[in-house]
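Residue indices begin at 1 and follow the sequence shown. Side chains are part of it too, since the values below use all heavy atoms of this structure and drop only hydrogens, waters and symmetry mates.
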Amino acid sequence: MDVTHLLESASLLVPEGTATENDITVRDVWGYLAHDEWQIALSLLEEFGDGHPLPLAFWEQLAEAAEQLRLERSAAWCHWRCSEIRNGMIRADLTLRSATEARRKTPIAGHGVLRPMWDIGKLSPTGDITVSIAGLWVEGTPLLEPGGRATVRLVPLTPSHWTHVTSGQRINMHEDRTVAGTAVVLEVHLPAAAMPTT
């Protein structure tokens, strides 16, 4: 499928009457598509996902369009959003330890490359701390420096490990045995299959 058809198909998945924070509607997107302004149309469609849950097919079509346009960051973001739908997402306020306090001396790439371990409060049968892996996307910046602070999005590798995590909870990030950073959970959105049954 070519870029125009991918973007048109994705736009049809946005509920009628939906608008972005800047009052952009699907009609505006169609205007850009009519003039072959694919990159602008793609960026606007990405904005619709900020405030409204959209289906997996929407993000898959945007990811494919971004790949065809060779927009690596947009493609990575759309694939990330697909992962959030499949595995859930935890938003948190992360503060990294400084370079003098931790092993990390270089910035973290903000676009979902790092998959650190997290102490989310689970213990092994022997009482030892256990960790769970989650990918990390830094919002609003391409890099997070040691000692820096940012809002991050976590995608759990195993969503069922994260069902007890709640807003306000403190969790620790590890890249080895030492604590690399501490985060306060802001939101938890796990897929229905991972939610505990009552």
- Query: Under 3.5 Å, is there a donor-acceptor pair linking the side chains of S11 and E8?
  - Reply: no
- Item | Least distance between heavy atoms, I85 atom then P191 atom | O-CB, 4.1 Å
- Message: Suppose we call two aromatic rings close when their centres sit under 6.0 Å apart. Are W137 and W77 close by that rule?
- Response: yes
- The reported gap from CG in L6 to CD in Q68 (rounded to nearest 0.5 angstrom) is 5.5 Å
- Task: Quickly, which of V152, D119, I108 forms a side chain to side chain contact (heavy atoms under 4.5 Å, CB included) with M173? Name it, please.
- Result: I108
- Message: Any side-chain to backbone donor/acceptor pair from R115 onto G112? Under 3.5 Å, distance only.
- Response: yes
- Task: Could you tell me which non-hydrogen atom of L123 sits nearest to which non-hydrogen atom of G127, and how far apart they are?
- Result: CD2-O, 3.8 Å
- Item | Distance-only polar pair, side chains of T178 and D176, donor-acceptor under 3.5 Å | yes
- Query: Between R103 and E175, is there a salt bridge with N-O shorter than 4.0 Å?
  - Reply: no
- Message: Quick one about E67 and H79 (side-chain donor to acceptor, distance below 3.5 Å, no hydrogens or angles considered), yes or no?
- Response: yes
- Task: Return yes if some donor-acceptor pair links the side-chain N/O of N87 with the main-chain N/O of E84 below 3.5 Å, else return no.
- Result: no
- Message: Whether the side chain of K105 engages the backbone of A99 through a donor-acceptor N/O pair (distance < 3.5 Å, no angle test) should be reported.
- Response: yes
- Query: Are any of the side-chain nitrogens in R86 or E60 under 4.0 Å away from the carboxylate oxygens of its partner?
  - Reply: yes
- Note on the structure: Here the pair of heavy atoms bringing A109 nearest to L143 is CA-CD2, 3.9 Å
- Would you kindly say whether T158 and S160 are connected by a side-chain donor-acceptor distance under 3.5 Å? no
- I120 versus H164: any side-chain heavy-atom pair under 4.5 Å? yes
- Query: Would W30 end up clustered with L54 when hydrophobic side chains under 4.5 Å apart are linked, directly or stepwise?
  - Reply: yes
- Check whether V14 and L33 end up in the same hydrophobic cluster, where Ile, Leu, Val, Met, Phe, Trp and Tyr are linked by side-chain heavy atoms less than 4.5 Å apart. yes
- Task: Kindly indicate, with the supporting measurements, whether the criterion side-chain contact (heavy atoms from CB on, under 4.5 Å) is fulfilled by I171 and V185.
- Result: CA-CA 7 Å; I171 59 176; V185 175; 4.1 Å; yes
- Message: Using the rule given for side-chain contact (heavy atoms from CB on, under 4.5 Å), can you reason through I90 versus R153, listing the C-alpha separation, both sets of side-chain angles and the distance that settles it, and then say yes or no?
- Response: CA-CA 6 Å; I90 292 90; R153 300 169 81 97; over 6 Å; no
- Task: Would you confirm whether Q61, through its side chain, and F58, through its main-chain N or O, come within 3.5 Å as a donor-acceptor pair?
- Result: no
- Message: Whether the side chain of E101 engages the backbone of S98 through a donor-acceptor N/O pair (distance < 3.5 Å, no angle test) should be reported.
- Response: yes
- Regarding R104 and T106, is there a side-chain donor-to-acceptor distance under 3.5 Å anywhere? yes
- Is there a path of hydrophobic side-chain contacts, each under 4.5 Å between heavy atoms of I, L, V, M, F, W or Y residues, that connects V165 with I133? no
- Heavy atoms only: give me the nearest V179-R97 pair and the separation to one decimal. O-CD, 2.7 Å
- If two hydrophobic side chains count as joined below 4.5 Å and joins carry through other members, does V113 share a cluster with L154? no
- Modelled atom types, side-chain donor and acceptor of S74 and E46, under 3.5 Å: yes
- Task: Under the side-chain hydrogen bond (donor to acceptor under 3.5 Å, both in side chains) rule, what do T126 and D128 come out as? Steps first, then yes or no, please.
- Result: CA-CA 6 Å; T126 59; D128 295 322; 3.0 Å; yes
- Linking I/L/V/M/F/W/Y whenever any side-chain heavy atoms sit under 4.5 Å apart, do L94 and V155 land together? no
- Message: Between T182 and N172, is there a side-chain donor-acceptor contact under 3.5 Å, judged purely by atom types and distance?
- Response: yes
